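See structure below.
Below, chains carry the letters A, B, ... as their sequence lines are ordered, and counting in each starts from 1. Nothing here was measured: the structure is a model prediction, and the numbers come from that model.
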There are 2 protein chains.
Amino acid sequence: MNDTKYVAYEQPGVTVDLVVFTVSGDALKVLLVQRAAEPFAGCWSIPGGFLRKNESLEEAAQRVMQEKTGVSQIYLEQLYTFGRVDRDPRARIITVAYFALIPWKNLPHPGSKKVADLGWFAVDHAPDLAFDHREILQYAVDRLRAKAGYSNIVYGLLPESFRLSDLQRMYEIICAEKLDKRNFRKRMLATGLLQETGKKDQAGAHRPAMLYRFIKKEVVFLD
Amino acid sequence: MNDTKYVAYEQPGVTVDLVVFTVSGDALKVLLVQRAAEPFAGCWSIPGGFLRKNESLEEAAQRVMQEKTGVSQIYLEQLYTFGRVDRDPRARIITVAYFALIPWKNLPHPGSKKVADLGWFAVDHAPDLAFDHREILQYAVDRLRAKAGYSNIVYGLLPESFRLSDLQRMYEIICAEKLDKRNFRKRMLATGLLQETGKKDQAGAHRPAMLYRFIKKEVVFLD
DNA sequence: CCAAAAGTGTTATTGATACACCCATGC
DNA sequence: GCATGGGTGTATCAATAACACTTTTGG
């Protein structure tokens with residue numbers, strides 16, 4: 001870094017935007033906020049906020065997450081930093097985008113809440129978005145899809161314990177392709193990342209399923 | 001993004017830092033600048049500069065590259081944005097780090113130049129670095145090594161035309177492992193990304209080598 | 001007893017790895 | 001003629017992909 005002027009008033013604004021994913025029903029969904037003020041009043045957008053003096057980028061992202069969903073300590077990953085000169089018509093703003101994964105069941109009021117101006121949208125049927133948020137969303141979806149293929153990242157979308165068929169459903173929904181049950185189970189169990197809980201799920205008129213949990217609560221690259 | 005205050009003087013400074021790699025001899029090297037002023041005066045650091053009002057992040061990175069090496073239009077990729085609160089003792093600064101690849105032969109005065117306060121260092125023997133630049137460098141090296149494995153990214157380190165043995169050397173130096181010549185050639189030619197130039201290199205007391213070029217001048221994922 | 005999801009192995013195909021000799025040139 | 005790097009093919013092994021039936025439960 002150079003020692004050019006440390007004049008803060010010359011500096012752009014810095015925000016943190018959060019692409020929050022969940023899976024509910026049979027769709028990958030993203031959390032959006034309806035804007036109240038101009039520009040783009042009434043338009044949907046990705047939730048975000050300004051970086052504060054005494055917090056790191058990661059802390060800002062966790063704070064925004066907490067403010068919007070009431071949930072903390074979830075999986076967050078820095079995605080990309082967007083800095084087109086005219087991306088905000090009011091002022092020069094650069095935004096550090098993060099993406100987050102959260103199990104549908106862990107959300108405070110699953111489905112019913114409909115807090116004020118927040119909404120969950122299937123990523124394939126999202127409305128028009130403010131600013132360059134369409135681009136940010138697309139970037140996040142691409143990254144999630146890619147990363148699902150070579151990591152255990154989907155653990156962030158599942159509750160503490162789950163059936164192998166739940167896990168398979170996550171992969172199928174995220175990557176939008178059907179998988180073979182036997183090969184899938186073989187491969188997953190071979191990773192050594194899963195552990196039987198000993199408990200069995202019982203819901204529905206069929207044979208009960210063994211419940212599993214992830215041994216590591218962090219992203220690991222497979223193979 | 002929220003509509004909280006657009007007060008620029010509350011905002012952190014934004015810089016762009018550039019981890020510039022090249023391969024020379026048998027080592028992966030990085031470009032460093034020796035700092036003149038405090039803090040960390042005399043200490044080596046990653047080159048960078050403040051983001052200007054009328055340039056995007058990418059443009060700023062290309063400008064810094066031009067300023068430091070005299071080279072433009074090279075492969076640049078955004079790496080990560082670093083924002084620890086105390087990463088700069090003077091003021092709150094967040095930095096968007098990029099990494100760049102450049103063929104040793106394309107540098108203005110290969111080796112001899114030694115422009116002022118610039119130097120090339122083997123990444124495995126880099127000196128202590130200012131600020132959090134050690135962390136940034138490590139992040140860049142990890143990314144380059146990983147990406148070499150599943151993309152054609154090394155094209156950025158080679159001149160327009162090159163021998164297959166040059167290409168193999170790049171992989172071996174970057175990933176620090178020896179590769180089998182026949183398997184390597186088979187795999188590379190199978191990607192369909194290489195094209196014979198028709199010309200042959202002639203340098204040295206041995207059979208001349210066919211020169212190849214990359215068909216695509218962009219990063220492509222393999223397999 | 002019927003519907004619905006759980007659970008379980010084998011074979012075929014494909015891709016990855018290991019490995020050694022002859023060739024063209026400059027000196 | 002010898003030293004130097006260029007160029008080539010095959011056999012083995014490992015990973016992946018394709019594929020169908022039996023089990024346990026609730027109603």
Worksheet item: OP1 or OP2 of C:dA6 sitting under 4.0 Å from any side-chain N/O of A:Ser165?
Response: yes
Discussion item. Check this for me, if you would: do B:Arg63 and B:Glu67 make a salt bridge, where the nitrogen-to-carboxylate-oxygen distance has to be below 4.0 angstrom?
Written reply: yes
Discussion item. According to ring-ring contact (aromatic ring centres under 6.0 Å, His included), does anything in residues 170-192 of chain B pair up with another residue at least two apart or in another chain? List the pairs.
Written reply: B:Tyr171-B:Phe184
Worksheet item: Can you check the A:Leu167 CG to C:dA5 C1' distance for me, whole Å?
Response: 16 Å
Item to complete: Extract, from 5' to 3' on DNA chain D, the first and final nucleotides lying under 4.0 angstrom from some heavy atom of chain B.
Response: D:dA3 to D:dT10
Item to complete: Anything under 30° is parallel, anything over 60° is perpendicular, the rest tilted; go ahead and classify A:Trp104 against A:Trp120.
Response: perpendicular
Fill in: Base versus backbone protein contacts along nucleotides 14-27 of chain C [heavy-atom cut-off under 4.0 Å; B, S, -]
---BBBB--BBBB-
Worksheet entry | Salt bridge flag under 4.0 Å for residues A:Lys105 and A:Glu160 | no
Practice prompt. Name the orientation class of the two ring planes belonging to A:Phe214 and A:Phe162 (parallel below 30°, tilted from 30 to 60°, perpendicular beyond 60°).
Written response: tilted
Discussion item. Under the side chain to side chain donor-acceptor pair (under 3.5 Å) definition, can you give me all pairs with a residue in residues 189-211 of chain B, not counting sequence neighbours?
Written reply: B:Gln195-B:Arg213
Worksheet, complete the sentence: A:Leu211 CG to C:dA6 P, in whole Å, measures 11 Å
Worksheet item: Among all residues two or more places apart in sequence or in another chain, which pass the salt bridge (Lys or Arg N to Asp or Glu O under 4.0 Å) test with A:Glu172?
Response: A:Lys178
Worksheet item: Got a sec, which pairs hit salt bridge (charged side-chain N to carboxylate O under 4.0 Å, His left out) with one end in residues 133-143 of chain B, sequence neighbours left out?
Response: B:Glu77-B:Arg143, B:Arg84-B:Glu135
